[in-house]
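Remarks on the structure that follows.
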Number of protein chains: 2
Amino acid sequence: MVKLNDQHLDAVFAALADPTRRAMLQHLEHGPCSVGELAGPFDMSFAGASKHVKVLEKAGLVTREVQGRIHHCHLNATPMAEADAWLQRYRVFWNDKLDALEQAIKDGD
Amino acid sequence: MVKLNDQHLDAVFAALADPTRRAMLQHLEHGPCSVGELAGPFDMSFAGASKHVKVLEKAGLVTREVQGRIHHCHLNATPMAEADAWLQRYRVFWNDKLDALEQAIKDGD
DNA sequence: ATTAAGTTTAACCATATGGTTTAATTTAGG
DNA sequence: CCTAAATTAAACCATATGGTTAAACTTAAT
């Protein structure tokens, strides 16, 4: 039960651990686009970029709608909610640190 | 400029993309502990677990305070704030989806 | 019917990752 | 001082990852 969820989380975090893929997701914020458009900005072979898209797809962050020879990619942010939920546990911890920092500054360094 | 931050984000997300390491971080929520205590729960060689700790350390999620032969590990959640901030951009997207789902349920599936 | 566009697949390469075992290192305790 | 504990380092292995190029495939356009 937990395992399946875990593996999914693995895939999501791993997909996010690459700047090319994060940039692709940011591109998709503005709406769906083809693999070609997604690959365009990168100094990388088309096939290379295509692999990144597949990683995103396997993590569920991108869905593909094939229309003729064009593959339209859509952002699906829902898997990020899992990652976000996992991180939320720790928000209190980093807030504590930031509060302390703020306090230190207020106290005149 | 952006690159340094990016690389850091890479390391943080990559560190989180492993269930052993996530479990270690959860263990550390309850307070600092030694590498041995961290390694204990896992069906894995000590050296293997030690490597995971090092990955967490390189990502800045764990700090180490060496006291004699014992290495005390502390949780440092602050790098997670970066990851969280990155994810926040997308919160609106997954909220939209969840809202739609909720609405669909309310409408009687 | 050909050709060209958009994409994936396959084969390959270098390096990274997750794991092992064995050896080395440092320090605590009898 | 010697041994045992806590930990890292080193050498190794299998598989994954990020990249390449070349070939294959599907579909649109001429």
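Chain naming here is simple, since letters A, B, ... match the order of the sequence lines and numbering starts at 1 in each. Keep in mind that what you see is a predicted model, and the values were worked out from it rather than measured. Only this structure's heavy atoms are used, side chains among them; waters, hydrogens and symmetry mates stay out.
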Would you say dT7(C) has OP1 or OP2 under 4.0 Å from some side-chain N or O of Ser34(A)?
yes
Would you say Asp84(B) and Gln88(A) make side-chain contact, with heavy atoms under 4.5 Å?
yes
Minimum side-chain heavy-atom gap Leu87(B)-Leu16(A) below 4.5 Å
yes
What is the distance from NE2 of His72(B) to C1' of dT26(C), rounded to the nearest Å?
14 Å
Answer whether the closest heavy-atom distance between the side chains of Leu28(A) and Leu61(A) falls below 4.5 Å.
no
Side chains of Leu25(B) and Met80(B): does their closest heavy-atom pair fall under 4.5 Å?
yes
Give the B/S/- string for nucleotides 17-22 of chain C, one per nucleotide from 5' to 3', where a protein heavy atom under 4.0 Å of the base yields B, of only the sugar-phosphate yields S, and otherwise -.
-SBBB-
Is any side-chain heavy atom of His52(B) less than 4.5 Å from a side-chain heavy atom of Leu38(B)?
no
Rounded to whole angstrom units, what separation is found between the CD atom of Glu57(A) and the C1' atom of dT7(C)?
12 Å
Can you name the atoms? Protein N/O to nucleotides 26-30 of chain D N/O, anything below 3.5 Å, with the distance.
none

Search all heavy atoms of Ala59(A) against all heavy atoms of Ala11(A) and return the closest pair with its distance.
CB-O, 3.6 Å
Atom NZ of Lys54(A) and atom C1' of dT9(C): how far apart are they, to the nearest Å?
7 Å
Could you check if a side-chain atom of Arg22(B) sits within less than 4.5 angstrom of a side-chain atom of Asp6(A), using non-hydrogen atoms only?
yes
Within-4.5 Å side-chain heavy-atom neighbours: Phe13(B) and Glu82(B)
no
